[in-house]
Amino acid sequence: MNQVRVRFAPSPTGFLHVGGARTALFNWLFARHSKGKFFLRIEDTDLSRSTDEAIEAIFDGMRWLGLDWDEWEASETNPVRQTARFEIYREKVETLLAEGKAYRCYCSPDELAARRKEALEARKVPRYDGRCRLLTAPDPERPAAVRFKASSEGEIVVDDMVKGEVVFDSRTVDDLIIMRSDGSPTYNFCVVVDDVDMQISHVIRGDDHLNNTPRQIQLYEALGYTQPRFGHLSMILGADKSRLSKRHGATAVQQYRDEGYLPEAMVNYLVRLGWSHKDQELFTLPEMIEKFSMAHVGSSAAIFNPDKLLWMNANYIKTGDAKRIAQLLRPHLEGLGVDAGQCDPDHLLRVVKALRERSRTLKEMAESAFYFFSDKISFDDKAKKFLTVENLPILGAVRQKLEGVPFEHDPLQEAFRSISESMDKKLAKIAQPVRAAVTGKTVSPGIFDVLEILGKEKALERLDDQIDALS
RNA sequence: GGUCCCAUCGUCUAGUGGCCUAGGACGUUGGCCUCUCACGCCGAAAACACGGGUUCGAACCCCGUUGGGACCA
């Protein structure tokens with residue numbers, strides 16, 4: 001039985017796109033499920049766009065999501081980089097040329113463009129007419145591109161793992177340029193050479209490549225290799241059903257990290273975009289690996305739904321390990337100017353526990369947590385409405401009562417109950433002004449929790465401030 | 001324009017010829033809980049694109065139409 005070997009082959013664009021992330025995830029799950037190998041290959045032949053930073057951004061995104069990759073045995077670089085393999089592509093081109101499976105084409109890009117335009121105007125299919133195929137005496141001095149001699153015999157059948165049998169008429173496949181006149185190899189060619197070299201068993205990629213598949217299959221044949229199995233994943237679309245892009249909002253996974261999303265939420269959201277296991281929505285990583293199967297990958301495109309991702313994130317914030325959430329919260333607190341390095345881990349943990357059910361992102365949590373870490377609290381308009389002379393007696397009574405109360409949930413609750421009774425006011429009438437005074441807001445965790453976490457000293461100080469201001 | 005892919009609630013999906021009066025989840029919405037906001041719990045509205053076949057029976061199989069998407073660019 002042959003080992004499963006798959007790869008994720010992004011081109012470095014400066015970030016990891018959510019669509020790419022899902023492709024990577026499905027490849028990764030497929031490999032880990034079947035105890036195979038998962039490789040990362042950087043398609044950086046387009047040198048103008050491929051900077052080291054852009055490549056680093058992909059690693060960064062992959063690591064954040066927890067998608068680790070294996071080292072390809074035969075490579076000096078890990079992950080594999082196409083720019084390190086230019087010589088190999090050139091050799092293969094030479095081989096095809098020598099075997100008569102490819103030929104030099106002297107048509108300039110301008111000529112080709114002109115002919116394409118003509119064909120289009122004449123309402124004909126714009127495809128290369130193969131005129132340079134017939135040249136008998138190639139001139140090695142003249143700059144030339146190299147074209148692959150496509151066969152136009154019969155049909156090419158792709159037995160796709162997600163789309164089923166897809167049949168192409170060979171006559172629709174024209175002679176593909178495999179090396180440009182400047183000596184640079186082209187995308188479709190490099191992909192095949194790499195996948196052959198890396199002994200990739202299953203090519204799982206976006207279905208925007210489905211139409212490239214027949215010509216790639218012909219290349220496999222010409223190169224004398226058996227083809228891998230293909231699986232073409234549907235696209236991720238924006239709300240308007242067009243391909244997901246920046247105008248639909250955040251498309252880079254790093255952006256979600258910066259917005260306070262948890263990687264497990266992102267992964268869980270992404271895995272449910274196109275894959276399902278009965279009615280189940282929530283999966284841990286080991287569960288995904290165990291249950292993942294290409295058989296349950298859907299074939300229709302999916303719209304990226306930020307609301308569901310948000311819900312997913314809220315869920316993981318609510319149920320995740322509180323200590324870890326606390327660690328992840330730190331940078332977001334720093335972002336608000338809180339010196340999170342100085343704060344007590346226990347204190348931070350209590351804050352997280354108080355806020356986790358009311359925060360959908362870490363960023364939201366940090367914002368809600370601000371008054372626990374800084375005395376520079378601001379009072380919003382709704383809160384100010386509770387800080388009135390009419391409520392002064394309430395604040396006063398609370399202030400006095402709390403002096404002698406231990407700052408723990410139950411005693412605080414008891415204290416508030418007794419004030420509530422003696423003043424004959426509902427608890428809400430008492431809690432809201434106090435909440436406004438100590439947090440500056442009308443929304444917070446339960447008031448007893450807030451006071452406990454804040455501690456006696458700070459709480460009384462804030463109450464005093466308000467009492468003074470109103471007196 | 002050609003080629004290819006796709007089509008179940010607004011969205012993600014379950015469904016592989018009888019378990020479907022179409023299930024779950026997000027969102028929306030009514031209520032309960034309640035010191036605020038949330039969480040949680042209970043309930044509601046909401047879909048098989050259309051038209052033909054095949055079959056005793058079709059969301060499911062076949063054909064066509066329409067609509068969307070991708071690639072050629």
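In what follows, every chain begins at residue 1, and chains take the letters A, B, ... in the order their sequences are listed.
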- Across all strands, who's sitting opposite B:A25 as a Watson-Crick or G-U wobble pair, both distances under 3.5 Å? B:U11
- Those residues of residues 386-418 of chain A lying under 4.0 Å from RNA chain B by at least one heavy atom: none
- Query: Heavy atoms under 4.0 Å, any strand shown: does A:V167 hit a base, just sugar-phosphate, or nothing?
  - Reply: sugar-phosphate
- Task: Determine: side-chain N/O of A:R215 to OP1/OP2 of B:C4, distance under 4.0 Å, yes or no.
- Result: no
- Query: Could you state the CG-C1' distance from A:N313 to B:C39, rounded to the nearest angstrom?
  - Reply: 16 Å
- May I have the distance from A:L244 (atom CG) to B:A70 (atom P), rounded to whole angstrom? 12 Å
- Query: Within the structure shown, what part of the strands sits under 4.0 Å from A:K318 by heavy-atom distance: base, sugar-phosphate, or nothing?
  - Reply: sugar-phosphate
- Item | Within the 6.0 Å centroid threshold, strictly below: A:F373 and A:H347 | yes
- Query: When we call it a touch if two heavy atoms are under 4.0 Å apart, what does A:P214 touch: a base, just sugar-phosphate, or nothing?
  - Reply: nothing
- Message: Nearest heavy atom decides the nucleotide; on that basis, is A:V443 or A:L237 closer to the 5' end of RNA chain B?
- Response: A:V443
- Query: Nearest-Å distance, CD1 (A:I303) to C1' (B:U11)?
  - Reply: 7 Å
- Message: A quick test of your reading: do over 12 heavy atoms of other residues, nucleotides or ligands sit less than 6.0 Å from NZ of A:K429?
- Response: no
- Message: Tell me whether the side-chain N/O atoms of A:K241 come closer than 4.0 Å to OP1 or OP2 in B:G67.
- Response: no
- Message: Check this for me: does the side-chain of A:E281 come within 3.5 Å of the base of B:G24 through a donor and an acceptor?
- Response: yes
- Message: Once you apply a heavy-atom cut-off of 4.0 Å, does A:G274 come out as touching a base, just sugar-phosphate, or nothing?
- Response: sugar-phosphate
- Message: If I pick the C1' atom on B:A73 and the same atom on B:U54, what distance separates them, to the nearest angstrom?
- Response: 42 Å
- Query: B:C5 and B:A45: how far apart are their P atoms, nearest whole angstrom?
  - Reply: 39 Å
- Determine yes or no for a side-chain-to-main-chain donor-acceptor pair under 3.5 angstrom, with A:S170 supplying the side chain and A:E153 the backbone. yes
- Message: Expressed as a whole number of angstroms, how long is the span from A:H248:NE2 to B:U11:P?
- Response: 14 Å
- Does A:R41 pair with A:E43 as a salt bridge, N-O distance under 4.0 Å? yes
- Query: Is the gap between the ring centers of A:F416 and A:F448 under 6.0 Å?
  - Reply: yes
- Roughly how far apart, to the nearest Å, are B:G69 and B:G57 at atom C1'? 34 Å
- Message: Once hydrogens and angles are ignored, does a donor-acceptor distance under 3.5 Å link the base of B:C35 to the side chain of A:R435?
- Response: yes
- Message: Checking contacts here: which listed nucleotide (B:C35, B:C39, B:C12) is nearest the side-chain heavy atoms of A:Q432?
- Response: B:C35
- Message: Is the shortest side-chain heavy-atom distance between A:V434 and A:V450 below 4.5 Å?
- Response: no
- Note on the structure: A:A428 has its side chain closest, among B:C35, B:C12, B:A70, to B:C35
- In terms of the nearest nucleotide of RNA chain B, which residue is placed more toward the 5' end: A:G164 or A:D449? A:G164
- Task: Please state the P separation for the pair B:G67 and B:G30 - nearest whole angstrom.
- Result: 38 Å
- Kindly say whether A:L210 contributes a backbone atom to a donor-acceptor pair with the side chain of A:T213 at under 3.5 angstrom? yes
- Message: Strictly distance-based, threshold 3.5 Å: is any side-chain N or O of A:K101 a donor or acceptor partner for the main-chain N or O of A:A222?
- Response: yes
- Item | Which nucleotide in B:G10, B:C71, B:C6 has an atom nearest any side-chain atom of A:K163 | B:C6
- Is B:G17 paired to anything, Watson-Crick or G-U wobble with both distances less than 3.5 Å, and if yes, which nucleotide? none
- Note on the structure: By the Watson-Crick or G-U definition, both distances under 3.5 Å, B:G67 is matched with B:C6
- Message: Counting the atoms with a prime plus P, OP1 and OP2 as sugar-phosphate, which does A:S299 contact under 4.0 Å by heavy atoms, base, sugar-phosphate, or nothing?
- Response: sugar-phosphate
- Item | Quiz item: cation-pi between A:R22 and A:F26, 6.0 Å / 45° | yes
- Close aromatic pair by centroid cut-off 6.0 Å: A:Y103 and A:F148: no
- d(CG, A:N212; P, B:G2) in whole Å: 20 Å
- If you measure from the P atom in B:A25 to the same atom in B:G43, how many Å do you get, rounded? 11 Å
- Query: Expressed as a whole number of Å, how far does the P atom of B:G15 sit from that of B:G23?
  - Reply: 15 Å
- Between B:C20 and B:C26, how far apart are the P atoms? Round to whole Å, please. 22 Å
- Item | Nucleotide B:C4, atom P - distance to CG of A:L233 in whole Å | 21 Å
- Hunt down the Watson-Crick or G-U wobble partner of B:G1, both distances under 3.5 Å, from any strand shown, or write none. B:C72
- From B:C12, B:C4, B:U16, nucleotide with atom closest to A:H296 side chain: B:U16
- Query: Looking only at atom C1', what distance separates B:G17 and B:G24, rounded to whole Å?
  - Reply: 23 Å
- Task: Pick base, sugar-phosphate or nothing for A:S276, based on heavy-atom distances below 4.0 Å to the nucleic acid.
- Result: sugar-phosphate
- Assign A:I447 to base, sugar-phosphate, or nothing according to its heavy-atom contacts below 4.0 angstrom with the strands shown. base
- Write down the distance between CD1 (A:I430) and C1' (B:C35), rounded to a whole number of angstrom. 10 Å
- Task: Would you mind classifying the nucleic acid contact of A:R356 as base, sugar-phosphate or nothing, using non-hydrogen atoms under 4.0 angstrom?
- Result: nothing
- When only distance counts, do a donor and an acceptor, one from the side chain of A:R358 and one from the base of B:C37, lie under 3.5 Å apart? yes
- Query: Looking at the rings of A:F30 and A:H202, which for Trp means the six-membered one, are their centres under 6.0 Å apart?
  - Reply: yes
- Message: Considering every strand and a 4.0 Å limit on heavy-atom distances, what is the contact class for A:F448: base, sugar-phosphate, or nothing?
- Response: base
- Task: Starting from P on B:C72, measure out to CG on A:N188 and report it in whole angstrom.
- Result: 9 Å
- Note on the structure: Closest of B:A70, B:C4, B:C39 to the A:D208 side chain is B:A70
- Message: Of the listed nucleotides (B:C37, B:U3, B:A25), which one gets closest to any side-chain atom of A:W311?
- Response: B:A25
- What does B:C32 pair with, Watson-Crick or G-U, if both distances are under 3.5 Å? B:G40
